Amino acid sequence: MEIIGSIDQLRARLSSEPDVCCVPTMGNIHDGHLSLVKIARQNAPVVITTIFVNRLQFGQGEDFERYPRTFEDDCAKLEAEGNTIVFHPDEQEMYAEQQEFFIDPPKVANTLEGRFRRGHFRGVCTVVVKLFNAVQPQSAVFGKKDYQQLAIIRRFVDQLLLPIRIIPAETIRAPDGLALSSRNRYLSAEERKEAPRLREAILQIRDWIRSGDRRFVAMEYAAGALLARYGWNVDYVVVRNQRELRRPAADDKDLVVLGAATLGSTRLIDNLEVSAP
Ligand code: AMP
């Protein structure tokens with residue numbers, strides 16, 4: 001496996017590669033990321049995983065400084081998964097001068113995650129477009145774990161006519177249902193036991209929807225209240241339509257339940273697609 005830190009070197013290496021699939025990450029590689037690499041390998045002969053903790057997408061008081069950086073371990077895992085190249089730029093390489101041009105995402109970026117993490121998607125979209133320009137891949141894999149991120153990236157790639165196929169990947173979970181995340185390592189042993197409840201609250205809503213219930217606001221309230229009873233600080237648990245992440249209209253059947261809540265000092269997110277009958 002090759003490890004490349006500079007954009008010039010990366011471009012030189014890739015200049016004669018006709019089919020490259022990119023997996024953007026912030027590192028601290030776990031089985032969720034590795035599932036993306038596996039999908040990428042099925043889609044292209046050359047897979048580039050990028051590892052870059054992007055300051056721009058972290059708000060003030062968020063965990064940019066303490067975000068786990070485990071580069072050696074990450075490389076061992078990626079190599080074992082058959083990844084071709086790790087692109088690991090430092091901050092100087094990605095932001096040689098102060099970033100003044102940004103991708104300005106639409107209103108949906110101010111809802112859900114964007115409401116609680118102001119500027120987050122502006123930072124995400126801006127770094128993703130920069131990574132795309134550095135790597136110039138034919139395709140890229142993103143996890144449904146970050147459902148709103150995937151939805152926003154799909155739309156900007158579409159609207160800005162980027163010639164890149166966006167491939168979605170299902171969420172990988174621990175045996176007890178907790179979605180794998182680099183932030184799970186912040187949880188204490190006790191919090192780790194409690195953590196699957198976010199998923200359970202979402203599953204409860206899924207079951208109600210599947211049984212034909214469309215009283216979404218009541219469901220959202222019940223799920224939020226349940227989590228609060230167990231000590232969670234709930235940002236949202238909501239039902240939205242898959243396409244636009246809007247409140248479902250009467251005839252919307254392709255829905256998604258999204259949740260974000262903090263346990264102790266660790267903020268977790270999860271979601272689940274649901275087809276209404
Ligand atoms: P991150 O390093 O957290 O920025 O994530 C990099 C990519 O991995 C994103 O596309 C995430 O959606 C995806 N990802 C993170 N956790 C999981 C998971 N548990 N299952 C599948 N994909 C994931």
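Because only heavy atoms are used, hydrogens play no part in the values below, and waters and symmetry mates are left out as well, while side chains stay in. Treat the numbers as computed from the prediction; the structure is a model and nothing was measured. When a ligand or atom number is given, it counts from 1 through the structure's own listing order.
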Taking NZ, NE, NH1 and NH2 as the nitrogens, is one of them in Arg173 or Asp31 under 4.0 Å from a carboxylate oxygen of the other? no

Examine Asp146 against ligand 1 and note whether any of their N/O atoms are separated by less than 3.5 Å. yes

Do Tyr95 and Val135 sit in one hydrophobic cluster, given that two such residues count as connected whenever their side-chain heavy atoms are within less than 4.5 Å of each other, even indirectly? yes

Which option, Gln57, Met26, Lys145, Lys144, owns the non-hydrogen atom nearest atom 23 (C) of ligand 1? Lys145

At less than 4.0 angstrom from any non-hydrogen atom of Leu180, what atoms of ligand 1 do you find? 16 (N), 17 (C), 18 (C), 19 (N)

Under 4.0 Å, heavy atoms only, figure out whether ligand 1 is touched by the backbone of Leu36, its side chain, both or neither. side chain

Parallel, tilted or perpendicular: which fits the ring planes of Phe58 and Phe64, with parallel below 30° and perpendicular above 60°? perpendicular

If you count the atoms of ligand 1 from 1 in the order shown, which ones are under 4.0 Å from a heavy atom of Phe142? 10 (O)

Are any of the heavy atoms in Glu170 under 4.0 Å away from ligand 1? yes

Among all protein heavy atoms in this structure, tell me which lies nearest to atom 10 (O) of ligand 1, with the distance rounded to 0.1 Å. Gly143 N, 2.9 Å

Heavy-atom pairs closer than 4.0 Å: do any link ligand 1 to the side chain of His33, the backbone, both, or neither? side chain

Counting C-beta onward and ignoring hydrogens, is there a side-chain heavy-atom pair between Phe216 and Ile209 closer than 4.5 Å? yes

Hits for ring-ring contact (aromatic ring centres under 6.0 Å, His included) against Tyr230, two or more places apart or cross-chain, chain-then-number order -> none

Given that the side chain starts at C-beta and the backbone is N, CA, C, O, which of these parts of Pro24 lies under 4.0 Å from ligand 1, counting heavy atoms, or is it both or neither? backbone

Could you see which bit of Arg173 sits under 4.0 Å from ligand 1, with heavy atoms only: side chain, backbone, both or neither? neither

Salt-bridge test for Arg115 and Asp235: reply yes if a basic N is under 4.0 Å from a carboxylate O, no otherwise. no

Of all protein heavy atoms, the one nearest atom 20 (N) of ligand 1 is Ile172 N, 2.8 Å

Less than 4.0 Å between a side-chain N and a carboxylate O, is that true for Glu273 and Lys144? yes

Indicate yes or no: does Asp8 engage Arg13 in a salt bridge with an N to O separation below 4.0 Å. no

